[in-house]
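Reckoned from all heavy atoms, side chains included, excluding hydrogens, waters and symmetry mates. Each chain gets a letter, A, B and so on, in the order its sequence line appears, and its residues count up from 1.
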Number of protein chains: 4
Amino acid sequence: MTATTLDAYPDAVRDAVARARERVSALHAELPRWGLVVWTAGNVSERVVVDPDAGPGERDLLVIKPSGVTYDELSPAAMVVCDLDGTLVEGTRAPSSDTAAHAYVYRHMPHVGGVVHTHSTYATAWAARAEPVPCVLTMMADEFGGDIPVGPFALIGDDSIGRGIVETLRDSRSPAVLMRNHGPFTIGRDAKAAVKAAVMVEEVARTVHISRQLGEPLPIAAEHVDSLYARYQNVYGQR
Amino acid sequence: MTATTLDAYPDAVRDAVARARERVSALHAELPRWGLVVWTAGNVSERVVVDPDAGPGERDLLVIKPSGVTYDELSPAAMVVCDLDGTLVEGTRAPSSDTAAHAYVYRHMPHVGGVVHTHSTYATAWAARAEPVPCVLTMMADEFGGDIPVGPFALIGDDSIGRGIVETLRDSRSPAVLMRNHGPFTIGRDAKAAVKAAVMVEEVARTVHISRQLGEPLPIAAEHVDSLYARYQNVYGQR
Amino acid sequence: MTATTLDAYPDAVRDAVARARERVSALHAELPRWGLVVWTAGNVSERVVVDPDAGPGERDLLVIKPSGVTYDELSPAAMVVCDLDGTLVEGTRAPSSDTAAHAYVYRHMPHVGGVVHTHSTYATAWAARAEPVPCVLTMMADEFGGDIPVGPFALIGDDSIGRGIVETLRDSRSPAVLMRNHGPFTIGRDAKAAVKAAVMVEEVARTVHISRQLGEPLPIAAEHVDSLYARYQNVYGQR
Amino acid sequence: MTATTLDAYPDAVRDAVARARERVSALHAELPRWGLVVWTAGNVSERVVVDPDAGPGERDLLVIKPSGVTYDELSPAAMVVCDLDGTLVEGTRAPSSDTAAHAYVYRHMPHVGGVVHTHSTYATAWAARAEPVPCVLTMMADEFGGDIPVGPFALIGDDSIGRGIVETLRDSRSPAVLMRNHGPFTIGRDAKAAVKAAVMVEEVARTVHISRQLGEPLPIAAEHVDSLYARYQNVYGQR
């Protein structure tokens, strides 16, 4: 890998990249903390807006984990910066092999500011059966607004994974998609929100799995799902 | 949120609130420690008696976690104080969105001094099927005195959850109720006892679930449940 | 609790008790470390031989955890000393409510120097169905020499639990018994060996449970179990 | 055990042994970290090449954990060195009782530089049913290139285990074999790669187990397995 630099970018962008490196590095620690990854698997990215007046795919950058590096070795400086074609812009290591999928999402979903990918156990177990997680918990209604959908089987190496994510999530309130035989991808307005969705998708995939082991969980009526979702998105937390 | 104060209350109440803030903050750490919560889910509260001569719903206060705040950020000062209508009395953050349920319990169950709510995995899995946990373990007989009951489906936003808890627990020896499609609420003479019940409800929900996966656990005769419960409540621990 | 003392005992016994307090306190930390206990559940004891020429039930002491005390509060000084009738000999707290069962084992099994009791999840799940764990793993053959047997249902408060343990283990190579609807008790030549057996009984109960969830594990021929057991007991480890 | 020394070996070999002691000691910490072992179970070894011109079985050494020693007591100095007949060459403790199996692998698979053995729960659960783990996850295709195969039942004490490992892995792309009723052995170009395979075999054994609990995971077409495997082995990570 040839080192490259952000010299051609304005100061404000370089500052924004530096802050995103801090956040993305720190947020990676949440993945092993919540048991979502082993060894070097999993990655978090965040979008850095370069020109608010340009289209989302044209100028923006993303900060992401380098490929095949363990969680113990991560630091803000170890993160790498790519443009939305997945080309390395700053950093001395190869970016995550999932960078193309992250970049595709940022190009096609302008409101998305963060993307997370893991192979977390229970979410991946549903993905291996290509079965959506049914919305039978109030915390699922709060966070996902319905079932967690399944995306297509897709090979790594071109836009297939990114396209599968975008096509599945475009018509869903869910910030999580279970890519078939692969694992979950989550999105959010920033990297922290996408990490929260990655934690929650595993939590609900696990709880519903366990509930289903001994019988059929009771559904929640659609109008109750809607009212829980509306309330949580608008009222929960600190304003 | 407007900061408010306890200036109108006697010194003894302000001291009792300060001590309750310490206890409630420290007890929140038990929830992630025992794996009962992820991210910002879950909450512990404790009653502060203001006027021992008044009815339980009239003057008392409760100390509880603020809404949507992570477990790393908790401290005695971060806790918030509400009256039993759920109105903020001291603190600068919005109280937990479950405050109304806690307050309802304190208003209607005078002997309850602590309430805990989690979405712990196995207890919530039983709740999603609306199935009580049968009393097939001596530790369940000790601690719960019988099956762990299920409460109704209830939406957040009014008294429904609190009423469901109180109506279910009023006729039970169990300090835990599994609210349908939602998760467990537990009560105790103080916050520590309610936290212990939250730890134990998950432990027994998990053990009985696992036992049932490979066959039917053997019941414990009702008279044995009674004698185990009586002994544990009166003899166990340090007097 | 009235404090009592070991003043009537020879110096060598008082020294042996002090060393046993250190070991028993340290070994308690292994129970939460390996996930075998929650809150204050579980206990470890060790025998202290007072008069090697007397029968085992006549003079020996045991060191054990006090009742209902959390694992964070344990220290050598917090342990309590009882005679083999379960009467407190040294210490200011009530002994574990399982002390009578431990004492019964020491009185009736002279070669036993340590006893451990937990409610570890998978072992207790087998116990709730009163089903022995079949010997389908080489590590089970090594450590247990066959199936892990089930003991009777027994109420706390008299010799029933101790008698159930002794009658079940007397004819078994297994250092572990699953007391019905209750949980595992393990024995060893000292407390450390009994703790190892407590760790291993949960490990094999869990692995065989999981294996059985998707089909029937293959048995190990009896002569292979015998040869694995003989080798492990005589060759493994440092001599 | 008589202490022996490497005095008869060239300086370069003694240096290589010293570095291997560091690596093997540090890598043992990964086994409890990822939950693959309890108590003293499990072991990691690494080959030290003595004479690159000799055949692999003739002169090489291996560094391995001593038998029955806890993970807390491990250090570079505590590791032991054996030749490929399993004879102790340097160290004061008995080598792991699995040393003969490791040595057999090094003698018969010249490209293998590291071997790991655990009783990790889910992999051992498949091994107890003698059932291969089917390749239904992209991460399995990446890492294992197909199903994870099962080796024969074999008693410890002669070459049976080593021969079973070698005969099973010789015709497989998988770096892991599930020895029947026993547990997984993994290989790699060095000890770190074998440890990674030990972590991954448990991860995929667990995820596929959980997926199968509620239905049948969807297979991945053979040509997709091949292309995922080829890409991962050649492109992933830092070059």
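Between chain D and the options C/R212, C/R33, C/E202, the largest number of non-hydrogen pairs under 4.5 Å is found for C/R33.
Within the model, atoms CG of C/L214 and CD of D/E131 stand 7.0 Å from one another, a figure rounded to the nearest 0.5 Å. Taking CZ from D/F153 and NE2 from C/H224, the interatomic distance works out to 5.5 Å, rounded to the nearest 0.5 Å. To the nearest 0.5 Å, atom CG of residue C/D142 and atom CD1 of residue D/I156 are 7.0 Å apart. To the nearest 0.5 Å, the span separating OH on D/Y122 from CD on C/Q213 amounts to 7.0 Å. Rounding to the nearest 0.5 Å gives a distance of 9.0 Å between CG of D/L155 and CD1 of C/I220.
For D/N181 (side chain) and C/L218 (main-chain N/O), a donor-acceptor pair under 3.5 Å exists by modelled atom type. Judged by distance alone, with hydrogens and angles left aside, the side-chain atoms of C/R206 form no donor-acceptor pair with the main-chain N or O of D/T121 at under 3.5 Å.
For the pair D/T124 and C/M139, the tightest heavy-atom approach, listed with the atom from each and the gap, is CG2-CE, 4.5 Å. Among all heavy-atom pairs drawn from C/V136 and D/A128, the shortest one is O-CB, 4.2 Å. Across D/S97 and C/R231, no two heavy atoms sit closer than the pair CB-NH2, 3.2 Å.
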Q | Derivation of the side-chain contact (heavy atoms from CB on, under 4.5 Å) call for D/W39 and C/E143 | A | CA-CA 12 Å; D/W39 212 251; C/E143 187 83 35; over 6 Å; no

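When heavy atoms are compared at a cutoff of 4.5 Å, C/E216 approaches chain D solely by way of its backbone atoms N, CA, C and O. Residue C/M140: no heavy atom, backbone or side chain, is found under 4.5 Å from chain D. Heavy atoms closer than 4.5 Å to chain D are found in the side chain of C/L228, but not in its backbone.
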